[in-house]
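First up is the structure itself, then whatever we jot down about it.
Quick note on labels: first sequence line is chain A, next is B, and so on, each numbered from 1.
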Amino acid sequence: MPDKLYVLNLIVAVIFYLPVRKIQASQVTQGVTSYGVLFGLSVLSEPLPLTPESLSVSINSAKQCLHLQWTVHNLGYHQELKMVFQIQISRFKASNVIWTENYRTTVTRNQVLHWSWESELPLECAIHFVRMRTMVDDARIPVPRFWSNWSSWEKADAQSSLGDHPLYVFPKDKLVEEGSDVTICYISRNHQDNISCYLEDVLTYGKQLDQSVRAFELKNVSFVRKTGTNFYCQGQGVTEGVVLFVSEVLEEPKDFSCETRDLKTLTCTWDPGDDTGLVQLPSYTLFESFSGKKTLCKHRNRCDWQVTQDSQEMYNFTLVAENYFRKRSVSILFNLVHGVHPVAPYNLFPKNVSATNATMTWKVHSIGNNSALLCQLQLLGEGKVIQQHNISVRVNGEYLLRELEPDTEYMARVHCAYADHFWKWSELISQNFTTAEAAPSEAPDVWRDVMFVSGHPTVTLFWKPLSKVHTHGKILSYNIVVENLDEPSSLEMLSVPAPANSTKVTLNQSSYQIHVTAHNSAGPSPASTVAISGHPGNENVEEGRINGTEDGFPMSWKPQSRNATGYVVEWCDGPQNLPCAPQWRNLGPTTTGTVISSGAFRPGVRYTFRIYEISTKRMARLLEKKTGYLEELAPSYNPQVVPNNLTSHSFTLSWKDYPTESQTGFIQGYYVYLKSKAGEKCHRGFEKTVLPDNSVCCKYTIDNPDQKTFVMKDLQPESVYEFLVTPYTSAGEGPLDDFRKVTTPDEYSHILIHIILPMIFCVLVIMIACYLKSQWLKDKCYPDIPDPYKSSVLSLIKSKENPHITIMNVNDCVPDAIEVVNKPEGSKIQFTGTRKSPTETKGTKPAYLDLLPAEKNYSGPGPCICFENFTYNQAASDLGYCGHFPVTPQAPHCQLGPLTSPENLLKTLEQNYMNSLGEIPAGEANLNYVSQLASPMSGDKESPPTNPPEPALCSEYKMQMAIPLGLASPPPSENSSLSSTTLLDPGEHYH
Amino acid sequence: MPPSLAVPCLRGFCTSPHNPQAPFCLLTLLLPPLSLGAPTSTAESINQAYNLALDMQMQTSALLQTYLEHQGTPFSDPDFSSPGLSLRTLPSTDMPFEIWHGLEDGECLSLTQEAFWSFSQHFQLVKDDQSDLNPGNSIVVDQLEEARLKAKGLAGNLAGIMTALDLTTPPANTPLDSVPLGDSVFERKCRGYVIIRDYSFWTDRAVTFLGELKAKYSE
């Protein structure tokens, strides 16, 4: 009914409006309308004003907004009319209009209308004036339409509430978005102040708006810190400021998605983006449009939504992020069963684990009304998925895993997804298990090394550990069964605990088969068989050479029998001269070549490969032997060369100890280097070469590696040579830094050696003989001096008539002199064998042997009384004369003999004695003794000695000495230096 | 002769006819004489209060520096100073040096006790302001809380000394009313600065005063 009334009124109004307008057009004035007349239908003659009424203006400082509030009266009850309100805002003064806006809205009777206007200039900094007017803007009202009168200006003055502080800065604590523009102003009560304003620490210049107001437009403000950006102004001792809180722009939530884990709760997640940097965090609200529900999210990035029991499947979610400045929203349409993300299963365990099978069991969380889940069971070995099975599960899952490897560790893992509609796998759960052991699946790879000790074969068996795929468990031992083929009943068995990989078996000279099996806890492996002959095989095969390559040692061989069951290549990884376990490789019967490679192969090491042919009886027969280097190297050292047979023109070099087998390459020969200081030309066969140190030397090449001696010929005697012998391989020669020196001897040295050595030998023989025959020699050559008291002469004399006659003791007599008188007449000294002829001795004066100082002016070492035993005058002896004393013609019997034998001596003495005592008269005596004890003074008192005698010298006998005949025979000079002999003139003598 | 409360804090100004603090002097005359023969616990209390004040004095500089560093320019400028800023609810720092030293010990004790009680309340205010301003940063807030507790503790110590000396304990301190400079964040930053600055002034004053009191009562 009311609607009908309203339409009726409107129609009536329209019917009557036009005539009235026409009639009363002249009455319409600004600010007065006749609509009221029409609507009221009461008083057509009085137009009712439609100006806004009760206009009030309030200030919201926090938001810097002017809030307008007004009403429009005169509208009919229950009637709505679209109207436009034109609002004007002035600043500082009413005439300074800064804003005009038309606000359109539908108005009802007595409705309080609101309108806000945000000022870019803080409202505290200026007085604002507001006024408005209205106009009907309803299509039902035909044009033309007219504005009502303006309302009166309403004043908005925020300054009036300020205190009396000299300086104010506005707006306070304003929130702004990064990148926006902000206007800040200050009000200074004291116009004289010089006020400076800073944004943080940057001086900012503003625009003077009024006498006391200055505004600063800050463009594109940026985030500084969470505690806000300071803007402050400083006057005279006054600091006032504001803090701008700059927020980073709120981002739209990204990756917004929802899912459910149990069909009871939905969880929506999103990426909220960067923090806005404000204390006031943005809010996140989740709306669901179908149900019209919403929830305020407790987290920035996640929101939970309870699924109701009304079986709603589709959801239209809108996530609204909102902060002070803006809203951001993102929507998704979500089907509940399409977003099921089940919770991870649990209790995953292996069951009935055997060597090759295992049953895995697990449980899942029920979802919805026991909906089925699709679970995926994965089996991982060594980190890789090797089996994958999909199983439909409601509560309990179970699956039998097959084809597993024995004794292997596996990981089983399972995850589940909603079976009706796959959305996402649950989290994985995993469980490790190990399968049981099984007997090894393959026979061990066995090889043997046979050595014959005292004719008995000693077999060392080697085997390689089985690979993990074949062991099927931990190998505990290796069983060796030795079967004597000649004695079938003889069977020997031994067990070698793992991890040994060899054992030694001593056999008889029979044929054997040896079976080797590997055992683990589940049983033995298949047996590996080798056959051993009781007799040594043919090891003398030709040794060939092979060259190593980057890939190893390629080799090939010629099959020797058609029924070979295979071939084995055996080698040693280490150098030949070191003991090592053999390496081997089994090859098929059709194989005639292979490449042996090993990480242990090194350049410069000689490797020997033996190729065996395996017969049907598992007997190995050596086919070929190959030797080679992976890479030949130059020799690392030179042989120790010994030079021998050194002569003046040659020497021999020898290096027979040099082991060619253990070198770093095949020795192809040797270079002999020779350096000579003379730098002469190289000998024949040598060639001149320049060494790395630029020295020149001669080089001889020995191209036979077995020649280990070399004769260096045609050398110069007494020359220094330097030589070096270095081997060479295909890779080069040895080091050239160890030259040795050798010096050739002179040519005659060998002759001297040939003479001197025999002579020395003869002398030694003579000396030894003399030593052995010393007594005999003494007796013959220098017998003891005969003692007169013991002489047989004495007994002879005593036996004669005069018993008083005794032997004169030398000590008892005091001889003054021994005078030898040489009678001139008829006497003639006969010399034989002397250099002077008798004619030369003509005029020779008589000789005296004087035991006293002969002359007054004697200047010798002193007078000495000596007794000289002229018996041992060597000259006399040699010459056959009795001393050098004057020999009278009456003493010819002194010739020869007397000194050569005791008998002669005795005779001589006897004759002399007899002559001196009896037969020779005093005046004719030839020999007089001069007392040795007599003082020289006593002999010659008138002539005192110029040199007194020295008792020490005089108390002893002078040594017997041989006086050469020459000294006695020539005419003595007066100044003769003889101390004890002086040759005087005949007739002159001294006492 | 034992000193009495009639004895000025340092030098007597009561005798001066122009002493503006004359009413205080008259008041102090009414108080019972302070005997030097106070029990050992009094001396210990004074010593304890002195040590606490000394510790507070040492921490004040760091507190002020930390606070200003977190407020941004101009507060964090090296030579920042705003002597014109003041807070009427804070204990006065205007009393001239001579007048302060002319006060009786009891009066000085009373004023100091009131001052630190007031500071403890103001620190709570600053702490709340800073918590609102920057909830994630606890450095400033923690130091302010420490200063608040110490100020409150010193006020308690001083009250204990006054009780021990039979002086009238100041009336129960009422909570702060509206504290100015709270209209904007900038003002609250300034307010915190003023509170810490004046707190520094009062700790200096307390150290000096308590040092003298300690010397006096340790004889």
> Contact part of B/Gln130 toward chain A, heavy-atom cut-off under 4.5 Å: side chain, backbone, both or neither?
Replying inline: neither

>> Looking at B/Asn134 and A/Lys226, would you say the former's side chain and the latter's main chain have a donor-acceptor pair under 3.5 Å?
In response: no

>> Give me each pair satisfying disulfide (SG to SG under 2.5 Å) with a member in residues 155-186 of chain A, each pair once, sequence neighbours excluded.
In response: A/Cys125-A/Cys185

> To the nearest 0.5 Å, how far apart are OH in A/Tyr198 and CG in B/Asp77?
Replying inline: 9.5 Å

>> So which atom in A/Gly241 and which in B/Ser184 form the shortest heavy-atom distance, rounded to 0.1 Å?
In response: O-OG, 4.4 Å

> Is atom NZ of A/Lys254 surrounded by more than 12 heavy atoms (other residues, nucleotides or ligands) closer than 6.0 Å?
Replying inline: yes

> Does atom CD of A/Gln211 have more than 12 heavy-atom neighbours from other groups under 6.0 Å away?
Replying inline: no

> If you look at every heavy atom in A/Asn230 and B/Gly72, which pair is closest and at what distance?
Replying inline: ND2-C, 3.5 Å

> How would you list, in number order, the residues of residues 172-182 of chain A that have a heavy atom less than 4.5 Å from chain B?
Replying inline: A/Lys172, A/Asp173

> Is the CD atom of B/Gln65 crowded by more than 12 outside heavy atoms at less than 6.0 Å?
Replying inline: no

> What part of B/Asp183 gets closer than 4.5 Å to chain A, counting heavy atoms only: side chain, backbone, both or neither?
Replying inline: both

>> So for B/Pro74, is it side chain, backbone, both, or neither that comes closer than 4.5 Å to the heavy atoms of chain A?
In response: both

>> Just so I know, are the side chains of A/Thr239 and B/Phe80 near enough to count as touching, which here means a heavy-atom distance under 4.5 Å?
In response: no

> Of the non-hydrogen atoms in B/Phe186 and A/Val243, which two are nearest, and what is the gap between them?
Replying inline: N-CG2, 3.5 Å

>> As a quick check of understanding, evaluate side chain to side chain contact (heavy atoms under 4.5 Å, CB included) for B/Glu187 and A/Glu240, giving each step before the final call.
In response: CA-CA 8 Å; B/Glu187 285 186 357; A/Glu240 189 59 55; 3.8 Å; yes

